Amino acid sequence: MTEGTTAPAERLTRYAHGGGCACKIPPGELEDVVAGLTAAPRDPAAELLVGLDTGDDAAVVRMPGSPDAVVATADFFTPVVDDPYDWGRIAAANALSDVYAVGGRPLVAVNLLGWPRDVLPFGLAKEVLRGGADVAALAGCHVGGGHSVDDPEPKYGMAVTGVADPDRLLRNDTGAAGLPLTLTKPLGVGVLNNRHKATGAVFPQAVAVMTALNRDASAAALDAGARCATDITGFGLLGHLLKLARASGVTAVVDAAAVPYLDGAREAVRDGFVSGGTRRNLDWAAPHTDFGAAGEETRLLLADAQTSGGLLVAGEVPGHPVVGELVPAAGPAVVVR
């Protein structure tokens, strides 16, 4: 297992009930909450192209008289690592990913910060914000302020606005039978983050994956002609693939042996460092999945709650592994082979 140094003396993860995207509300519960919340405005200023219907990664509207569509998203979470600068970088990359996941380009972001002002020094908050600003700068995205609240649990993220070509969007409801499935980042950050929270061991390979932008993968997918994609975050590969398969009316087949994992991920599962969010993901996906001969370890890794994970693209993306395919709908929405 690849491990770095121990965590900083002020361990941010001990202030969080869950870490990163593993602190999301479980997908089944969330679907119940948002069901039916699709009331249209009386006099809309723009045409809604992507909204709540399929649980896609960002909202997209077409502006009258403009060749571009506007992309809007927000994402924030509790500390996923103890280093405040790295947490800021990870949270920003994760928020920007939703824009890339629909084929867009981020333009401007605003910070979303919850901070226990009587517990943690503001010097740590400044490092979090600096990390977010540095990643946004790499993305060519302005950071134009934000909003903060006094919160007993630290939280950070961004609301991001971007643009996209309305005729070349990546959506989760446009998959078609016969298309391969490409995954652009390895899985396993969830179990490594959980090990980090429990032991203080630092995993540079996980931080590197979480801070990497999905910008180039998104551009490569569009260049390859892809029209269907999603990013893999808190609901794990299985959860996000299930949403894509349902929205597209297909069955998704996963080649378990082709899925890449981070060094140390399998050991972390075997040693019991599995978050409650990952187990809830598996419970939600299991009734809709044929696991074949896949054992418990593989099932948990496929359901592992990722933070700032890669893109899952219906189509081949040069330089990234094909991990399955979409086939005509038959039986379970997801099949693992």
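Note that the structure is a prediction, hence the values are computed from the model and not measured.
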_Criterion side chain to side chain contact (heavy atoms under 4.5 Å, CB included) against Ile90, the qualifying member of Asn193, Val189, Thr307_ = Thr307
Using distance only, find each side-chain donor-acceptor pair of residues 156-163 under 3.5 Å and give its atom names and separation, not counting sequence neighbours.
residue	atom	partner	partner atom	Å
Tyr156	OH	Asn111	OD1	2.7

*Any side-chain heavy-atom pair of Val323 and Pro260 under 4.5 Å*: yes
*Please name the pair of heavy atoms, one in Leu124 and one in Glu10, separated by the smallest distance, quoted to 0.1 Å.*
CD1-CG, 3.6 Å
*State the CG-CG distance between Leu169 and Asp167, to the nearest 0.5 angstrom.*
8.0 Å
*Is there side-chain contact between Pro154 and Trp115, with at least one heavy-atom pair below 4.5 Å?*
yes
*asked:* Minimum heavy-atom separation for Thr73 and Val99, please, with both atom names.
replied: CG2-CG2, 3.9 Å
*Lys243 side chain vs Gly55 backbone, donor-acceptor pair below 3.5 Å*: yes
*Is Thr278 reaching over with its side chain to a backbone N or O of Ala305, donor-acceptor style, under 3.5 angstrom?*
yes
*asked:* For Gly236 versus Asn281, what's the shortest heavy-atom pair and its separation?
replied: N-ND2, 3.7 Å
*Among residues two or more places apart or on two chains, list those pairs meeting salt bridge (charged side-chain N to carboxylate O under 4.0 Å, His left out) that have a residue in residues 86-110.*
Asp86-Arg89
*Residue list, side chain to side chain donor-acceptor pair (under 3.5 Å) with Asn214, at least two apart or on another chain*: Ser97
*Do any pairs count as a side-chain hydrogen bond (donor to acceptor under 3.5 Å, both in side chains) and have a residue in residues 136-152, sequence neighbours left out, and if so which ones?*
Asp151-Lys155
_Spacing of Thr13 atom OG1 and Asn194 atom CG [to the nearest 0.5 Å]_ = 9.5 Å
Tabulate below the donor-acceptor pairs under 3.5 Å that side-chain atoms of residues 291-301 make, not counting sequence neighbours, or state none.
residue	atom	partner	partner atom	Å
Glu297	OE1	Arg270	NE	2.7
Glu297	OE2	Arg266	NH1	2.5
Glu297	OE2	Arg270	NH2	3.3
Arg299	NE	Ala294	O	2.9
Arg299	NH2	Ala294	O	3.4

*Atom CD1 in Ile232, atom CG in Leu237: separation rounded to 0.5 Å?*
5.0 Å
_Once rounded to the nearest 0.5 Å, what's the spacing between atom CZ of Arg246 and atom CG of Asn172?_
10.0 Å
*Do any N or O atoms from the side chain of Ser248 and from the backbone of Val250 form a donor-acceptor pair under 3.5 angstrom?*
no
*Report the hydrophobic cluster partners of Val61, with the cluster defined as I, L, V, M, F, W, Y residues connected by side-chain heavy atoms closer than 4.5 angstrom, directly or transitively.*
Leu48, Met63, Val70
*Flag yes if more than 12 heavy atoms outside Glu316 fall under 6.0 Å of its CD atom; otherwise flag no.*
no
*Listed once per pair and sorted, the salt bridge (charged side-chain N to carboxylate O under 4.0 Å, His left out) pairs that draw on residues 220-240, sequence neighbours left out*: none
_Which atom of Gly103 lies closest to which atom of Ala164, heavy atoms considered_ = O-CB, 4.0 Å
*Residues forming a salt bridge (Lys or Arg N to Asp or Glu O under 4.0 Å) with Glu127, sequence neighbours excluded*: Arg130
Show which side-chain atoms of residues 326-337 pair as donor or acceptor with protein atoms under 3.5 Å away, not counting sequence neighbours.
none

_Exercise: identify the closest heavy-atom pair between Ala133 and Val143_ = CA-CG2, 4.3 Å
*Who pairs with Arg62 by salt bridge (Lys or Arg N to Asp or Glu O under 4.0 Å), at least two apart in sequence or on another chain?*
Glu47
*asked:* Just so I know, are the side chains of Leu302 and Leu241 near enough to count as touching, which here means a heavy-atom distance under 4.5 Å?
replied: no
_Side-chain heavy atoms nearer than 4.5 Å, only ILVMFWY residues, links allowed to pass through others: does that put Val149 and Val128 together?_
no
_To check you understand the geometry: which heavy-atom pair defines the closest contact between Asp83 and Leu12, and what is its length?_
C-CD1, 4.5 Å
*Under the 3.5 angstrom rule, does the side chain of Arg215 hit a backbone N or O of Leu138 as a donor-acceptor pair?*
yes
_Under the side chain to side chain donor-acceptor pair (under 3.5 Å) test, residues paired with Asp134 that sit two or more places apart_ = Tyr85
*Partner residues of Thr184 under the side chain to side chain donor-acceptor pair (under 3.5 Å) criterion, sequence neighbours left out*: none
*Beyond-backbone contact of Phe203 with Leu262, side-chain heavy atoms, under 4.5 angstrom*: no
*Nearest-0.5 Å distance that lies between atom CG in Leu192 and atom CZ in Phe273*: 10.5 Å
*For the atom pair CG (Asn94) and CG (Asp75), what is the distance rounded to the nearest 0.5 Å?*
4.5 Å
